[in-house]
Each structure stands twice: as structure tokens, then as C-alpha cells.
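Beneath this line is the structure, given in C-alpha cells, with notes to follow.
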2 protein chains.
Amino acid sequence: MEIKLKDHIDKLIPLTDDEFAFVLSHFKFEKYHKNDFLIQQGEDVDDCYYVVTGLLKLIYMDQGGKQHIVSFAMEDWWESDFSAFFTQSKAKMSLQCIENTVVFSISLSDYQKLSTELPKMERFFLQKSNLGHIASQNRIISFLTSSANERYEQLLKQYPTLFQRVSKTLLASYLGVSRETLSRLSS
Amino acid sequence: MEIKLKDHIDKLIPLTDDEFAFVLSHFKFEKYHKNDFLIQQGEDVDDCYYVVTGLLKLIYMDQGGKQHIVSFAMEDWWESDFSAFFTQSKAKMSLQCIENTVVFSISLSDYQKLSTELPKMERFFLQKSNLGHIASQNRIISFLTSSANERYEQLLKQYPTLFQRVSKTLLASYLGVSRETLSRLSS
DNA sequence: GTTCTAGTGTGACAAACATCACAATTTTAA
DNA sequence: TTAAAATTGTGATGTTTGTCACACTAGAAC
């Protein structure tokens, strides 16, 4: 389990074994079951999560009670309600397991402590944040330029494995179309 | 001009005058005219920009030649084609002046040098990147949960000044609807 | 096995939105 | 100033998508 996190960090910023042991001491190892909530809308967000195995959905529930998938979090992804996490405010989104899931979690104080004590990790977090920003921007471009059908094909191309793991209803919610519309799309 | 950048950084990470002088030595001061391009789709992206005064649009052009506004960049905003900037690849977007614009620009090597030499700035860039990521995610939520009409009202509420500064055509392109539809929206 | 539930497909209809067309107005540039 | 270009509003029409309804299936719980 630990080796997955080390390999993941090493891809961007190589660490010595000692450095990684120090990094690891800031994380908690946690297991969750399908349907468990890691974050509940309206409650505090203590942690940020690295997904070792499993699958999560980041959900925003609108005034009408309709759920929207802001993001899926798969193996090797970092996820949280970052806005609430960084500002220590109440969650505007929920983070829930689609499958049994294993994570490393880190609190904001440990995140900041680690960043200060080990500049390599601050560099790592910066690069991760930049990549997350870029990914979100690409999703925005997809909304601006593509029809539901095209967004569906893009998703299928980018994450082919997702289709065996999540229901069409959830995919529709991620794509921003109704379940019925997704069901009628061509390819 | 310099004081605006200092105040901007100070809001997140207070700097001494010496530190700021060091920071400033990594930036270039540049002036552009309306319609000038800071970044051209398909070309190299040397710099990341801090907007002192003026207004820019970050544009993505699709295969059909239609332009989509990925982002407006106003006073105090940081903008670039970050994907191309960080990976030193060709721009997938263009950055163009809507008004005469004054910026501080920084190259990737100076960005990295500054981050390494002054940890406070790495912290600053990390916080900025996190905020950018959160902003993009909010825009995604807006696409998922809201109609064109609602997105229009949200934009009007969030950036009331924008409406005196940019054409309805550009606003429509930002909202992801046609010019005609925007023209017909209620409020 | 049987029941219960979640997931899925599809028809019918309504709402939202895009596209094309054209006119009126404002802004820009020579 | 004056002609050209850009901006905006609006009608007509077709496409896309949402919503409601119902039937079917597969897997989970008992």
C-alpha cells in the first residue's frame, strides 16, 4: 500500500526512503466500504485523500435535491472538497464510495506542516494542484465546445475502464445530461 | 504599478521590501494594446502573466473555427495557457487583449527559480493554484446544475463590472450559449 | 426460491436552445 | 465626416435535451 503512494510521488519528485518515511508519518491509512461517506455536505472537511484502490464520487447536490457528479476519484487521485478543506469551512459537496476504497488521508495542519518541513513536498503539491487546475479547465472546454454525445465519446476514450465500474445514471450525472438522453446517444 | 503586485501577494503571504524587490527582479513589465495577442494557439508559451490593469480573454478555438471563452482575466488575475506553460508545449489556447493591458510576466525558469529561492513564493503559488482549481470546479458545478439563464445571473452577480466592458457576444461565448439565446434571456 | 430494489431502455410530449435571416444601431477607421 | 464594420435585437424554424411514464432485467436481500 505504502509503495503505491511512494511511486506516485516519485513520478514527479523523487524521494529518498527516509524522506518518504517522514512523509508517510503525516498520513493516516483508512479503509471504507461501498456507499460510505468520506465527506458529507454541510459538515467539516478535516482531510484530503489519496486513493490507493477503489472508486469515489464527488457530488454536489442542488437546491432541488438533484445530485451532480463533480468528479470521479480513481486510483492515484487526490480528492477532497478543496475549497472547504483549505478554508476550513463546511463542505459544499459530498465524497462517497462507489466501491470499497482504501486511502491515505492528511489533515490541513499536517499538509501545511509537511509542506514547510519538506520543500520537496510543497513542490509536489504545487505540481499536483496545477495539474488539477488544468484538468478542470479541460472539462470546462469540453462543456463549451462539445455536445452531450461528444462529451460522452471523450469520456469513453479517456477513461475506458469507468464504464464497467459505474452506472449509466452516474455517467449521465457527470456529463451533465439526463439518464434518458445518455441512453439514447449513438455510439 | 509594482505596488499592486506587492499588495496582491501580501494578501496571502506578507513579504518584506527586500523580499519583494527580489521577487520583482524575476518579472518583466509589459504593455499591450487592445486586440494584441499575448499567447497564440499553436505557438510556444514562454510566460505566465499577472494582470495589473486591463482585460484579457483566454480563447479556445474548436475544429469548426468557433471561438469559446475559457476565461476572462481581469485586474489581479494570473493567466496563461497553464498546460502549455508548465509542460513547455504548444498553446492550445490564445490569450488576447480586450482592452489595453499592463502585465507583469514571468518565464517558467524564473517561476521555478523564484519558487526554489524563496519558499514564501512557492507557498504563494501553491495557494494561488489551489484557488484557481477551486474556481474552475465552481464553474463546472455551474454548468452541471444551472441553465443558461441561471449561469447568466450568477455571472452578473459575481462580476457586475464585466457587463460594461465586454460585448454580449463574448459573454455568450463564456456562458456556452449562442449570442441570440443570451439576448433573449429574461433578467 | 422469492421478493425487492436499482439499473436500464424507450415512447410521448414539452422546454430549451441553435441556427438562419434581416433590420436597426453603434462603433471604428479612413 | 462618412463609409465600413461590429454589435445587438428579434422572428421563424428545426434540433437537442429534459421530463414523465411504463416495462423489462439483473442482482441483492431475505
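Here the structure is a predicted model, which means the values were calculated and not measured. A, B, ... follow the sequence lines: proteins, then strands. Residue 1 opens every chain.
Side-chain proximity of A:T181 to the nucleotides D:dG11, C:dC17, D:dG18 is greatest for D:dG18. Counting only heavy atoms from C-beta on, A:A148 has its side chain closest to D:dT17 among C:dT8, C:dT19, D:dT17. Among D:dT10, D:dG18, C:dG9, the nucleotide with an atom closest to any side-chain atom of B:S183 is D:dT10. Checking D:dG9, D:dG11, C:dG11 against every side-chain atom of B:R184, the shortest atom distance belongs to D:dG11. In the set D:dC20, C:dT28, C:dA21, the nucleotide with an atom closest to the side chain of B:E180 is C:dA21.
Counting any heavy atom pair closer than 4.0 Å across all strands shown, B:S178 reaches a base atom.
With respect to A:E43 and A:K90, no salt bridge is recorded, no charged nitrogen being found less than 4.0 Å from a carboxylate O.
Look at A:S147 and you won't find any side-chain N or O under 4.0 angstrom from OP1 or OP2 of D:dT16. Taking side-chain N and O atoms only, B:K168 has no distance below 4.0 Å to OP1 or OP2 of D:dT10. Contact annotation: B:K34 does not reach the phosphate of C:dA29 (side-chain N/O to OP1 or OP2, under 4.0 Å).
With a 6.0 Å cutoff to the six-membered ring centre and a 45° limit on the axis angle, A:R151 does not count as a cation-pi contact of A:Y174.
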Show the distances under 3.5 angstrom between N or O atoms of the protein and N or O atoms of nucleotides 27-30 of chain D.
none

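Along DNA chain C, the nucleotide nearest B:G176 and the nucleotide nearest B:N35 are compared for position; the residue whose nucleotide lies closer to the 5' end is B:G176.
Side-chain polar atoms of A:T116 and A:E122 form no donor-acceptor pair below 3.5 angstrom.
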